[in-house]
Amino acid sequence: MRDSQECNAIDGEITRVFSLLGKRWSGVIIAVLMSQGPLYFAELRRATPGISERMLSDRLSELAAAGLLLRRVDEGPPLRVSYQLTPAGHALLPAMNELAAWAARWMPESGPCPNTPREPNAPQGATAG
């Protein structure tokens, strides 16, 4: 929890946004749900290579508590849990698009995913595709 003096030194809204969305995987999870719609936990994990089950569970809980995701339990067997964006989560679309455009312009050496393999002998930043 940040103290009020620290939040007043920087724009309070920006501080709150990045304290949630600036956490590793949070933005990626939101982007996956924006592009693929409601997904079950296992589908989300497959769509987010490199994330552990524990980290995914933690981030989903935080995003749901913040009102960005809706968690739905489908009674089983087997018991299945799906996640979808709330209207507040969908409202992030313009900001996410702007961030993607910014990254494309100012971070061109990055691949589309952190673990995207490069082609052999490809220049730094080139990805297999």
Looking at Ser26 and Gly22, would you say the former's side chain and the latter's main chain have a donor-acceptor pair under 3.5 Å? no
Identify the heavy atoms of Gly89 and Met34 that sit nearest to each other, and give their distance. O-CE, 3.4 Å
Mind listing the closest non-hydrogen atom pair of Arg72 and Tyr40 along with its distance? NH2-OH, 4.3 Å
Grab the two heavy atoms, one from Ala88 and one from Gly67, that are nearest each other, plus how far apart they are. CB-O, 3.7 Å
I need the Arg24 CZ to Arg59 CZ distance, nearest 0.5 Å. 9.5 Å
Ser57/Phe41 under side chain to side chain contact (heavy atoms under 4.5 Å, CB included): CA gap, chis, key distance, verdict: CA-CA 8 Å; Ser57 179; Phe41 184 90; 4.3 Å; yes
What distance do Leu93 atom CG and Glu98 atom CD have between them, rounded to the nearest 0.5 Å? 10.5 Å
Could you please spell out the steps behind the side chain to side chain contact (heavy atoms under 4.5 Å, CB included) verdict for Leu20 and Leu68? CA-CA 11 Å; Leu20 176 65; Leu68 300 178; 3.7 Å; yes
Please report the closest heavy-atom contact between Arg45 and Ser52, naming both atoms and the distance. NE-C, 3.8 Å
Let me see the working for Leu69 and Thr86 under side chain to side chain contact (heavy atoms under 4.5 Å, CB included), right down to the final yes or no. CA-CA 5 Å; Leu69 300 181; Thr86 63; 5.5 Å; no
Determine the minimum heavy-atom distance between Leu33 and Tyr83, stating which atoms define it. CD2-O, 3.5 Å
Closest non-hydrogen atoms of Lys23 and Ser19, given as atom of the first, atom of the second and distance, are CE-O, 3.3 Å
Could you check whether any side-chain heavy atom of Asp11 comes within less than 4.5 Å of a side-chain heavy atom of Thr15, counting everything from C-beta outward? no
Rounded to the nearest 0.5 Å, what's the gap from CG on Leu39 to OG1 on Thr48? Could you check? 8.5 Å
Looking at side-chain heavy atoms only, is the closest gap between Ile51 and Leu44 below 4.5 Å? no
Is Leu60 reachable from Leu70 through a run of I, L, V, M, F, W or Y residues, each pair having side-chain heavy atoms under 4.5 Å apart? no
Report yes or no: do Leu85 and Leu99 belong to one cluster of Ile/Leu/Val/Met/Phe/Trp/Tyr joined by side chain heavy-atom distances under 4.5 Å? no
Hey, are the side chains of Val81 and Asp74 touching, using non-hydrogen atoms and a 4.5 Å cut-off? no
